[in-house]
Structures are given as structure tokens and as C-alpha cells.
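One-based numbering, in listed order, for ligands and for the atoms of each.
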Amino acid sequence: MDPRRAETGKNSDQIQSGHVYHLALDIGGSLAKLVYFTKNDEHIVGSEKKKSPMKASGISNSSRNSPVLNGRLNFKKFETSKINDCLEFINSMKLHLGGCQQPESPGSQTITIKATGGGAYKYADLFKEKFRISLDKEDEMDCLVAGANFLLETIHQEAFTYMGNQKQFVWIDKNDLYPYLLVNIGSGVGMIKVEGDGKFERVSGTSIGGGTFWGLGKLLTKCKSFDELLDLSYRGNNRAVDMLVGDIYGGMDYSKIGLSSTTIASSFGRAISENKERDDYKPEDIARSLLRMISNNIGQISYLTALRFGLKRIFFGGFFIRRHPFTMDTLSVAVNFWSKGEAKAMFLQHEGFLGAVGAFMSSDKHGLKELLANQKVERPPSKLSFSLDQTQVPQQDGELNGDESIECSVYGA
Ligand SMILES: Nc1ncnc2c1ncn2[C@@H]1O[C@H](COP(=O)(O)OP(=O)(O)O)[C@@H](O)[C@H]1O
Ligand SMILES: CC(C)(COP(=O)(O)O)[C@@H](O)C(=O)NCCC(=O)O
């Protein structure tokens, strides 16, 4: 038996419904993520008007026919514990009306939308009862991999390295992308060996992930929100809480085994030797130490997993990262340190939306195609492909807060 098994015991903005072409959801343990496509001539009333300043035809792809659709791919997130807010948003924006309508019983129309993550199961009844939305479930691992592959292959400057405050975009050669290790740091952590499109294996995981950081952080610092905890960690100093090698070795390095005096010997270990209560420690120091402990641990397990399968590239995704420099730096340093520079940690601009993008892409099979057919496109395409605007570089340093959109075109093949 697995030793880790738990013991039993209105938004005012409106998009005209006809302009939302597709919506997909990823409802995880902590966050519900939405990806939806809006046609370019969308009419948005309210404060969030986000019409592209660029002409969609500016997308350079001369070798292709004209796109069947131009528009934007939009990203949005909600806390899963506030799933009703997510439902209200979908309803107020009429996002679900871009789904496939299926008459279930006389007089009622059920709309089907793609959904992945555990919440697609957990909240299926809620979606049905409240808004007659039927969730068409896609496997979480399938979606993560499909989303990561799609983003890495399609979006210019999607992947980057981060170390010592240096962010460097990585050019991805589509023909040399595989194999790689995908480490998704959500509530828990999944590690997936990816060898191609739809060719992957979940090879490892750990329950010490983003949920642990947020959960323990909440208990230890009394923070009210994840962002507050993250802000605290920017300001803290983990030395106040962690036991360093120097604390044990009288200020000296333990050079024989390659440990400097400043290396953390024991995360939170300083607390045992001091006659202090929790309230005597600064919440920012606790937050910093916690973030470092969890990031280090994930970095180390990721490296070991990559080593086990001979993988040199590790892509980190999941909303735990939030493009936090310290988190990315810690993960990178851990991978670099343990692999002696052999393996490389990389990050994705759309880190938290891999599953949702994957679920969205799975709609090629049903949703978009049928929708396009219903829109009386002269010859419905047999296969759809997306081209994202190569000229539009996502926010450089800011985190992806869950409200972003990318210019894109849909082509038939
Ligand atoms: N606004 C937020 N609220 C809660 N958790 C957040 C937030 N932003 C980032 N996180 C972190 O992201 C984790 C969830 O990441 P995510 O990839 O969405 O996983 P899941 O699919 O399990 O919800 C949380 O456990 C937390 O560590
Ligand atoms: C169960 C999960 C796949 C759910 O995904 P999540 O909502 O965390 O993104 C994930 O939490 C996980 O892989 N946990 C680690 C379990 C383990 O291997 O120990």
C-alpha cells in the first residue's frame, strides 16, 4: 500500500455569446482554470475591453490558406473553493454558449464543455444543476501533456530558463523537443516522461507541492491569501528559521562532502534549538523557508527522476510557480547542483494553464469543428490547427495572474 495514502478517518462585462467559440476548463485541487476563444470582432461591454491593437491578418504565415477564425485565446483562473464564482463568470460572460448544444430531454438544452482535473468529476452535478452544463471529461495527464506540447511547439518564447535573476528565453526546435520531463507543480506534483504527442508516462509524483506550501503557510503565518504568502516570502530570510551547515559546524564549511557553511542542513531546524514560540518568528522568514524547502525538494526529486530516465530537459509547470523569481531560482539551482550542470530546468510562460489548454485542444475532436460546421463555413475543415501570434510576446517578468489573452488564428487543413 502506498505509504502516503491518507488515513481514512457578475462580472458586468459581456461578450456577445455568438462570439465565444470555445471554452475548456481544468478544475484542480486548488484552482479552476478557464481557457476560451473569442472571435476578433468580439464586442465587449465594460472595463475589460481587450481588442487587439494588432490586425489579426498581421499574423505572418504566408504558406497557409486564410484562417477560418481569427481571435484571442483567453486565460482566467478562480480558486476551486469558490467554484460558484467560476460558474457565475461563465454564466455572466455566456462563455458556455460556445459549447455544443445537445437536447437531453424535451424542452431543455444541455451544453457540453470540455473539462479536465478532478473537479470535472467532483463538480459535474453542480454544473449540470445550475446551468445545464454537461462536463465532457478529458484525462488530466493527457491534457497536461497535450497543453505543454502545444504551447512549446506553437508559442514563440514560451519556454525560458531562470537562474541568478537572469531570464533567458529558449528557442524550441520542434524536431528536437522530445524526450523531456514535465513536472507539474499544482496542489500535488506529477512528473511525466514525455516522448511525443500522446506518448508519455507518469513516472513519479509527490504530495509535497503547491497545496503544501499554501496549506502549511496558512497555518504558520495566518496569511489570508496565497498572494499574501508569496509577498511575504519575497521579504523574508530563511536563515532565521533554517539550520545551516555552519550552525552545526561552528561557522565552518563541511568541505569534505562539498557542503558550504551557508547550505541548509535542516529546513526549519533552527526552531528546535531556540527557546522561541511560533509568534517569535517573523511570518516572512517562515514563508521564505517554507517556499525554499518545498522548491528544493521538488527540484531534487525532479532531477532524480530525470536521471532515472536519462532525460536532460525538465519543464516545470503548474500554478505553484507563479513566475516567482525565488521559486524558479531555487528549482533551477537544485537541478543544476544535483545534475552537476548536466540537466536544465525550464519554465513555461503559461505554466498554470497546461491542462486547460490541453482540454481546449481536445475540442478539435468535437466542439470547434461542429461549431464551425454550424456556422456554415463552406467546407468544414477536417482538422483544425491554431497559430498564435508570434509577434505578441507575453508579459516579460510579471506573473501570469490568470487574466491574459493571446492573439491567434484557427486554420483548417
Ligand atoms: N491565487 C491562488 N490561490 C491559491 N493557490 C494559488 C494561487 N496562485 C497560485 N497558487 C498555487 O498554485 C497551486 C495550484 O496550482 P495548479 O497548477 O492550479 O494546481 P491544481 O490543478 O491542483 O489546482 C496552489 O496549491 C498554490 O500553491
Ligand atoms: C492527484 C493529482 C494528479 C491531482 O492533480 P492537481 O489537482 O494537484 O493538479 C496530483 O495532486 C498528484 O499527482 N499528486 C501527487 C500524488 C503522488 O504521486 O504522491
Provide the number and element of each atom of ligand 2 under 4.0 Å from a heavy atom of G205.
17 (C), 18 (O)
For F347 together with Y162, are the ring centres under 6.0 Å from each other?
no
of all protein heavy atoms, closest to atom 6 (C) of ligand 1 is F226 CG, 3.4 Å
Row check, F160 ring normal vs K167 NZ/CZ: under 6.0 Å, within 45°
yes
So, regarding D26 and ligand 1 (criterion: nitrogen or oxygen to nitrogen or oxygen, under 3.5 Å), is there a contact or not?
no
Measure the distance from atom 17 (O) of ligand 1 to every protein heavy atom, then report the residue, atom name and distance (to 0.1 Å) of the closest one.
F319 N, 2.9 Å
Would you mind listing which atoms of ligand 2 come within a distance below 4.0 Å of any non-hydrogen atom of S207?
19 (O)
If the cut-off is 4.0 Å to any non-hydrogen atom of K33, which atoms of ligand 1 fall inside it?
16 (P), 18 (O), 19 (O), 20 (P), 21 (O), 23 (O)
For G188, the ligand 2 atoms with a heavy-atom partner under 4.0 Å come out as 8 (O), 11 (O), 14 (N)
In ligand 1, the atoms that come under 4.0 Å of a heavy atom of G318 are 17 (O)
Just distances here: any N/O of G29 and N/O of ligand 1 closer than 3.5 Å?
yes
For atom 22 (O) of ligand 1, closest protein heavy-atom neighbour:
S187 OG, 2.5 Å
Atom 8 (N) of ligand 1: which protein heavy atom is closest, and how many Å away?
R322 NH1, 2.5 Å
So with a 6.0 Å cut-off around NZ of K218, is the heavy-atom count from everything else above 12?
no
Heavy-atom contacts with S30 under 4.0 Å: which atoms of ligand 1 show up? List them by number with element.
14 (C), 20 (P), 22 (O), 23 (O), 24 (C), 25 (O)
Could you check atom 27 (O) of ligand 1 against the protein and tell me its nearest heavy-atom contact, residue, atom and distance included?
G210 O, 2.8 Å
Can the positive tip of K76 be found less than 6.0 Å from the middle of the six-membered ring of F89, inside 45° of the ring normal?
yes
Tell me which protein heavy atom sits closest to atom 19 (O) of ligand 1, plus the residue, atom name and distance to 0.1 Å.
G186 CA, 3.1 Å
Any N/O pair L31/ligand 1 closer than 3.5 Å:
yes
Taking every non-hydrogen atom, the tightest pair across L244 and S261
CB-O, 3.5 Å
Between H324 and Y234, is the ring centroid distance below 6.0 Å?
yes
Are the ring centres of Y36 and F360 closer than 6.0 Å?
no
Mark up the atoms of ligand 1 that fall under 4.0 Å of a heavy atom belonging to W214, in ascending order.
4 (C), 5 (N)
Just which atoms of ligand 1 are under 4.0 Å from any heavy atom in G211?
25 (O)
